[in-house]
Each structure stands twice: as C-alpha cells, then as structure tokens.
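Keep in mind that this is a model prediction, so the values were computed, not measured. Position 1 is the first residue of the sequence, and the numbers go up from there. Side chains included, hydrogens not; waters and symmetry mates left out as well; all remaining heavy atoms used.
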Amino acid sequence: MEERRESIVGWKAEADGGERYVLNVYRPGEEQGEAALRFGHLIEAWSPQDGSTLEVPIERVDALTDGGLAMSGSSGEFAAEAKWEAVKDSCGGYDVTLHLTYNGNVPKNMGLTLRAEVIGSGKPDWMIPGAFYKENRFEKNLRRYPRYDYRGGDPEQMVSDYWSFRSDRAALPVVFAWNDALCGALCTEEMSELGLTGLGFRGNADGTAVWLNFPYREEPVTFVGEPVPAPADLASARFEPGQQVTLRYRVYTAAGDPHAYDPFVRRMYRLHAEAYPLRPWMELDEAAQLTAHGLFTWHYRPEHRILYETAAFDRELNNNVKGQGDRPHMHVGWVSGAPYAHALLQYGRRQGIAEYTAAGMDVLSKIAEGLSPSGIFWASWIEGRGWNAGWNPKPDWLQTRTAAEATLFMVRALAFERGQGASHPDWEAAALSNLNFAASCQRSDGNFGSYYHAETGEVEEWDGAGGMLWIAALLEGAALFGEPRFAEVAVRAGSYYEKFIKDEYIYGAPEDVHLTPTSEDAYNAVAAYVLLYEFDRQPKWLELASSAADWMMTFRWTYNLCFPRHTLLAQYDFRSRGADQASTSNQHLHNYGLFCVPEMLRLWKYTGDRYYLDRTRDHIACFLQFIAREDGDFNAYKGMVTERYYNTNCFQPKGMMLTLSHSWCIGLILYASQEAAEYAAELGLSELIEG
C-alpha cells in the first residue's frame, strides 16, 4: 500500500479474521487528525424480512496516481469495487463510483446503505438542504414536524436522535454533519439504479453518523405534513443472482465553519446546471400581462376592496380545500395585500390600464385603514369579521414580519406614486404609524421582537428573526420621509440580526410556522442587508447579504425532480431546478423567492459573483412555468398560479399541484417580472424558451 498523496485520506488495518481496512477521510490538507469521516465498510445490505444487516468489508485499498484510491471487498452475497476520484477544484473531496455484484443463489429483496461515522469532539449539527437544519424545531415550537434531539425522544411526537428521509425532500440530495472541527457530507442523486435514494443521520452518546440509502428509507416515522406522523417507510429493491448495480455518490470534508456547506453546494449546482435544463414557458412581459390579468380578474373583489387570498381552479363547484376555494380573506402582507396591490398598481400605471391602477390603489387604501390600536397594521381582514390578528399563536398577537412587509410595500407604492405626481396622505399616515411603532418598540440591542400585543403594542415574544424585515422598511421609509432616525434604528437592527446569519439558522418569518427555519427568512435577510449596504456601503453588510443568499440557495433546487409518470407535473414536464422549498415544516415547492429578485440582482452587481445571477435566473425561469396561458390550461383559468408543487410525499402525492390560485404567487410573478425587466439581457431567459 502506497503512502497517501495530497494528505487527504488516511487508513489503518484492523485484525478481523484477515486484513481489513477502515478508511478515514480528513479535512483537506490533513494527513490525520482527531476529526474525520470514517468508512468501516464498502456498503451494508439489510433485509426487510428480518432486519438483519450484512456488511461488505474493505479488504483492499490502493492509492491511485491521480490522488484517488480504489477499494474492493466481498461478503457471502455481495462483491464490491469502488473507485474514489479526487476532486481537483477548490471544493475538494471525492466522487465515488461503486460497482456491486449480487452473488446470492436466489432472488432477494434488500436495501443498501452507505454509512460514514463522523469522528470528533462536540455534539453534531445537521443540514439536509431545504429539509433539515440543526435541531430543526425548538422544543417550544408550536408546530410539530421532525426534530432532532441528542438525547433521543418520542418518534410519535416526531422527536428522535436519528432520521432518514427520501432524497426528494432535499433541494440537493446531500446530508451535512458538523462537529467542533469538521464538516463532513455524503451526496448522491435523487434517483439511482435502485430507485429513489435516501439520506440520513444519527447523533447521540454512542456516536455520530451520516448515510445514504439505496433505495430510500424514512424512519423512525414518516412526516406527511400533519402533526401525527405516518409509520416508517422502508423501501427495498429486488436483487437477482448475478445482478450488477452501479451506485454513485460524493464525499466532502471541510473545516467546522458553519458556512462550510457553500463550496460544495456551489460545485453541485455547476454540475447539475449542465445536466438539468430549464424550460420557461414565456418571456417576462407575457408573464406580467397574464398575472396582472389573473390578479385583477380572480382575486380583486371591489365590494370588499381586497385581494382574495385564494381562488379555486374549479369555478363551477368551488368547493375544494374545505369549502374555501375562493377565500374571502386578505392579509396586509405576506400571502396577500400590499406587495401585490403595489405590483398591480405599477403595472396598471405603466401600461395605461386604468382598472388595474384603480384596483391597486383601492386595496392599498383599504390596508391603510387597517391600523390596530397599537399603531401597526392588523394582520388580516376576513369577511364577516373585519380586521383581525391573522394566523398567530394567540388571537391578540400581531406578527412582526407581516406588518413590516406591508409597510415596506406601502412605502414603495408611495415612492412610485410620487414619481407619477400622485399623493396619498392616508397611505403616508399609515406607513409613518408603522415605522414609528417599529422604532419605539426596538430593544436597546436592536431587536424588534417577533410578536406584539394588538391593543397595547407590548412585545410578547422576542425570539426569532421575523423583525428583520423592518430594516428594509425603515431604510426606505427614511429616504421617502427624510427621517434619519429611521435609518439609525435600521442600522442598530442590522448589528443585532447578523447573529442569525452567522449561525446559519434564520427563523421566525411566516405567521403559520412558529419559529421555524424557512426560505422566507433568507429572502428577508437578503433584502435587509443589501439595503443596509446601499445605505452606508459598509463591507460587512455586503458580506452578510452574500452569506444570507448562500443559505437561501440551500432551499433552492439544483436539479429537476423525477415525477411519477402519470402525474400532472410529469405530463407537463415541470422543471423543478430553481424552485424553493417553503420550509422544513411546509415541504412543497413555492415561488416566494421572487420577493427578493431586485435585491439579488443588485447583489450580483455589487459582488461580481455570477452565481447569484444564475440562481436568480433559475428561480425566475422555474416560475415562468405554470402560469395559465388560457382558460383550461392545466385545468386552471387564464392568469392563475398555484402555491404548491408537491415534490415528495408531504401533504399530497409527489407530482400533484394544489388546485388553488394564490394572490401572492400571482403577485410575486407580476412584481418580479417588472423588476427583472431591466436585466433581461443578462438573464437570457429568451434563449431558454422553446419555440
């Protein structure tokens, strides 16, 4: 055995009835150390009949001249050969091809697991992009979904010290683990020769491990989007005598920096961008035309002066989703309200469509009337109930992000209208009331709090980063109203909320997933810190904006999902590359990343990092699909856009889509299409559209 080249991998022989090897993969540049990914065997096979496990040992290891290595071994039923090819770019690691031969005498159902122990001190942290972050759910969280606990827990409460998931839950099929000195990861593709793959991890007092499953396993229970889990789902494959299988995976190690995932995600994005093409259905101007029509036609209700949050595809019966297909509700921000009224108003003014302009102004005027006794916006308006607190843990709480987003877009609408020579004193009064509230409730350390009492304005909960979006609202408000105090408050908040970005765990943005890490938290962080950089040009704000954007990309699909053949998404050839997972709790694809398209494009300009342009283009291109081009298109009506594309077995079967049009989904396409128009040449969307 030759000595290790490039000082990446070490090994040692163990006496076990013959010479066997354990392979330790260290951090780049280390010949050995206390932290490593340790491979004790080439592969392990398990039987669904009795749960027994068979390991294929590493019996031979040969160093290759290019810095890689070759390994082989056999057991009673399997023989395996693996080639580890050293990655030569700055990312490092290995691309592995494993050839496996089944030598059993009779056909047998089995599953395969590629496992690595994570060696080193410290309790572990995790990331499965889009699906699992750190502990994933706090003990105090009011919503139930998978949670990691080093001490174990009750799987029926979705708490465990180990988890295995289907790969199609992940925006990139990779499982990262951190200890005090190491970041280690295993990655594969969504599909293999044995079907849908899987990802898993374990961390407790007995040790830490990560693994890949071929085919997938979901255990100890299966999360289907409900507070009560489904039983474990343990898929297996049929092996015939003499059958040969080739499996491919990747091994990555780095220092224990929380941001160490980023080089690997970027590398996989580059590889997947070549393998998984985009296919937008239309140009930006057509998307804007269709979504303006859809928002006005199906969601604007002049009798209530609101944008209905949802409108059913089925206009005859309109009785899906528990009788609320056409939902007579409007949030002031987030899932309806000011952002989309602003987009409709802009489009109406620019295109000279008076009815769109009037509708946008009508909705914004309605929202301006909806101030709570505390001075900030009520969260939502419901037919028969009027203004109320929204979808919060308590009926008298108001959530900070909803109010901040409504204020931000009220300010943007005011700035736009001033440019048109129009004034709206009622909008100004409402925006100033909200901005003054945010400034007055800020704690000395910069925290705005997450939930407020609607009557008194007292901060009811301080945890979370939901208040981060006040930074953007205050900075734009400072410019609009000539009030430097608002900018001072925003800068102080920037120094407070940066800890969430540096910890790579931003949570608390949406009302409906209490203190949960979500892609929406990343969007808010990007918008806030790009605006901070534009305010005073401090490099640290740009660094934080870039870091938040990198974290955001862990929610964004790098590949096109393989949907079941007969599903709607398969029949329409929906390309998922560029879509975002909503959150670890709401596992479905959504388009809310369009919220920060202008900030992402400016971030690309400021940094010169084309990665941000490319991945923003992907997101736009993805959601230039499934905009109904005419009545009947994918069973919707012209201009309708759904909220949910189901990527896995959560809420609905994979390959389905929610048959509701959402005002925010339409509105964000309308908003982003207008904001991205000046970058059309750089985005190159027209080159991707099929004739």
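To the nearest 0.5 Å, atoms CE (M553) and CG (D614) are separated by 9.5 Å. Remark: R327 CZ to E383 CD distance equals 13.5 Å, nearest 0.5 Å. Taking CG from L561 and OG from S576, the interatomic distance works out to 3.5 Å, rounded to the nearest 0.5 Å. The CG atom of N524 sits 9.0 Å away from the CD1 atom of I506 when rounded to the nearest 0.5 Å. Distance check, rounded to the nearest 0.5 Å: OG of S450 to CE of M468 gives 10.0 Å. A distance of 10.5 Å separates CD in E643 from OH in Y592, rounded to the nearest 0.5 Å.
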- Item | Residue pair S336, E309: steps toward the side-chain contact (heavy atoms from CB on, under 4.5 Å) verdict | CA-CA 6 Å; S336 190; E309 289 179 358; 3.7 Å; yes

- Item | E369/R305 under salt bridge (Lys or Arg N to Asp or Glu O under 4.0 Å): CA gap, chis, key distance, verdict | CA-CA 11 Å; E369 297 168 4; R305 302 166 59 214; 3.2 Å; yes

- Query: Where do R315 and D631 land on the salt bridge (Lys or Arg N to Asp or Glu O under 4.0 Å) test, with the steps shown first?
  - Reply: CA-CA 11 Å; R315 306 308 302 162; D631 291 348; over 6 Å; no

- Can you list the steps and then say if E417 with R349 is a salt bridge (Lys or Arg N to Asp or Glu O under 4.0 Å)? CA-CA 9 Å; E417 285 289 271; R349 287 273 195 208; 2.7 Å; yes

- Let me see the working for W387 and V332 under side-chain contact (heavy atoms from CB on, under 4.5 Å), right down to the final yes or no. CA-CA 10 Å; W387 292 108; V332 297; 3.6 Å; yes

- Message: Show, in sequence, the C-alpha distance, side-chain angles and deciding distance for K540 and E498, and conclude whether the salt bridge (Lys or Arg N to Asp or Glu O under 4.0 Å) test is met.
- Response: CA-CA 10 Å; K540 76 168 186 175; E498 70 177 73; 3.6 Å; yes

- Message: Applying side-chain contact (heavy atoms from CB on, under 4.5 Å) to L688 and L624, what does each step give before you reach the verdict?
- Response: CA-CA 11 Å; L688 303 172; L624 294 178; over 6 Å; no

- Task: Apply side-chain contact (heavy atoms from CB on, under 4.5 Å) to Y529 and I501, showing your working.
- Result: CA-CA 10 Å; Y529 284 88; I501 298 173; 3.5 Å; yes

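Using cut-offs of 30° and 60° for the angle between ring planes, the Y646 and H588 rings count as perpendicular. Relative ring orientation between Y507 and F500 is described as perpendicular, the plane-to-plane angle rising above 60° on a 0-90° scale split at 30° and 60°. Ring planes of Y497 and F448: parallel class, angle under 30° (limits at 30 and 60°). Between W381 and H304, the two ring planes are tilted [angle within 30° to 60°]. Between F626 and F634, the two ring planes are perpendicular [angle over 60°; tilted spans 30° to 60°].
Heavy atoms of other residues, nucleotides or ligands lying less than 6.0 angstrom from CD of E303 number more than 12. Within a 6.0 Å radius of CZ in R385, other residues, nucleotides and ligands contribute 12 heavy atoms or fewer. For Q442, the CD atom is densely surrounded, since the number of other residues' heavy atoms within 6.0 Å is greater than 12.
Looking only at distances, a side-chain donor or acceptor of D633 sits under 3.5 Å from a matching main-chain atom of R629. With hydrogens and angles ignored, the 3.5 Å screen pairs no side-chain donor or acceptor of T518 with any backbone N or O of A582. Checking side-chain atoms of S433 against main-chain N and O of G375 turns up a donor-acceptor pair under 3.5 Å. A donor-acceptor distance shorter than 3.5 angstrom exists from the side chain of T357 to the backbone of I353, with no hydrogens or angles considered. The backbone N or O of A509 lies less than 3.5 Å from a partner atom in the side chain of Q399, making a donor-acceptor pair. With Q346 contributing its side chain and A343 its backbone, the two residues share no donor-acceptor pair below 3.5 Å. Under the 3.5 Å distance criterion, the side-chain polar atoms of Y612 are matched with a main-chain donor or acceptor of S546. Side-chain atoms of S440 come within 3.5 Å of backbone atoms of F437 as a donor-acceptor pair (strictly under, hydrogens ignored). Within the 3.5 Å criterion, the main-chain N or O of N591 finds no donor-acceptor partner in the side chain of D580. Under the 3.5 Å distance criterion, the side-chain polar atoms of T402 are left unmatched by any main-chain donor or acceptor of G333.
Within the 4.5 Å cutoff, the side chain of D314 has no heavy atoms near those of the T659 side chain. Taking the side chain as every heavy atom from C-beta outward, L594 and Y671 never approach each other to under 4.5 Å. Side-chain contact between W541 and L531: absent, with no pair of heavy atoms (C-beta onward) separated by less than 4.5 Å. Residues V489 and R492 form a side-chain contact, since some pair of their non-hydrogen atoms from C-beta on lies under 4.5 Å apart. Two residues are said to be in side-chain contact when any heavy atoms from C-beta on lie closer than 4.5 Å; M552 and Y523 meet this criterion. Inter-residue side-chain proximity for H619 and M600 is flagged as unmet; no heavy-atom pair is nearer than 4.5 Å. You'll find the side chain of L398 reaches within 4.5 Å of the side chain of W378, heavy atoms only. Side-chain contact between L569 and N647: absent, with no pair of heavy atoms (C-beta onward) separated by less than 4.5 Å.
Each of R556, Q581, H590 was checked for a side chain to side chain donor-acceptor pair (under 3.5 Å) with S519, and the lone residue meeting it is H590. For the ring-ring contact (aromatic ring centres under 6.0 Å, His included) with W334, the lone residue among Y340, W664, W391 that qualifies is W391.
W397 and N392 make their closest contact through O-ND2, 3.0 Å (heavy atoms, listed as atom of the first residue, atom of the second, distance). Residue G508 comes nearest to D521 through the heavy atom pair N-OD1, 3.2 Å, listed as atom of the first residue, atom of the second, then distance.
Every residue meeting the ring-ring contact (aromatic ring centres under 6.0 Å, His included) condition with Y611, not counting sequence neighbours, appears here in chain and number order: Y269. Scored by the side chain to side chain donor-acceptor pair (under 3.5 Å) test, Y452 finds T400, W470 as partners (sequence neighbours excluded). Under the rule for a side chain to side chain contact (heavy atoms under 4.5 Å, CB included), the partners of R418 that lie at least two apart in sequence or sit in another chain are E428, L480, F481.
Checked by atom type, the side-chain pair Y606/W604 shows no donor-acceptor distance below 3.5 Å. Between the side chains of S585 and S583, no donor-acceptor pair of N or O atoms lies under 3.5 Å. Of the N and O atoms on the side chains of H331 and E405, not one donor lies less than 3.5 Å from an acceptor on the other residue. No hydrogens or angles considered: nothing links the side chains of Q652 and R644 as a donor-acceptor pair under 3.5 Å. Between D326 and Y308, the side chains place no donor N or O within less than 3.5 Å of an acceptor N or O (distance only, hydrogens not considered). For S365 and H424, the side-chain atoms include no donor-acceptor pair closer than 3.5 Å.
Between R617 and E687 there is no salt bridge, since no side-chain N of the basic residue sits under 4.0 Å from a carboxylate O of the acidic one. We find that R602 and E534 are joined by a salt bridge, their nearest charged nitrogen and carboxylate oxygen being less than 4.0 Å apart.
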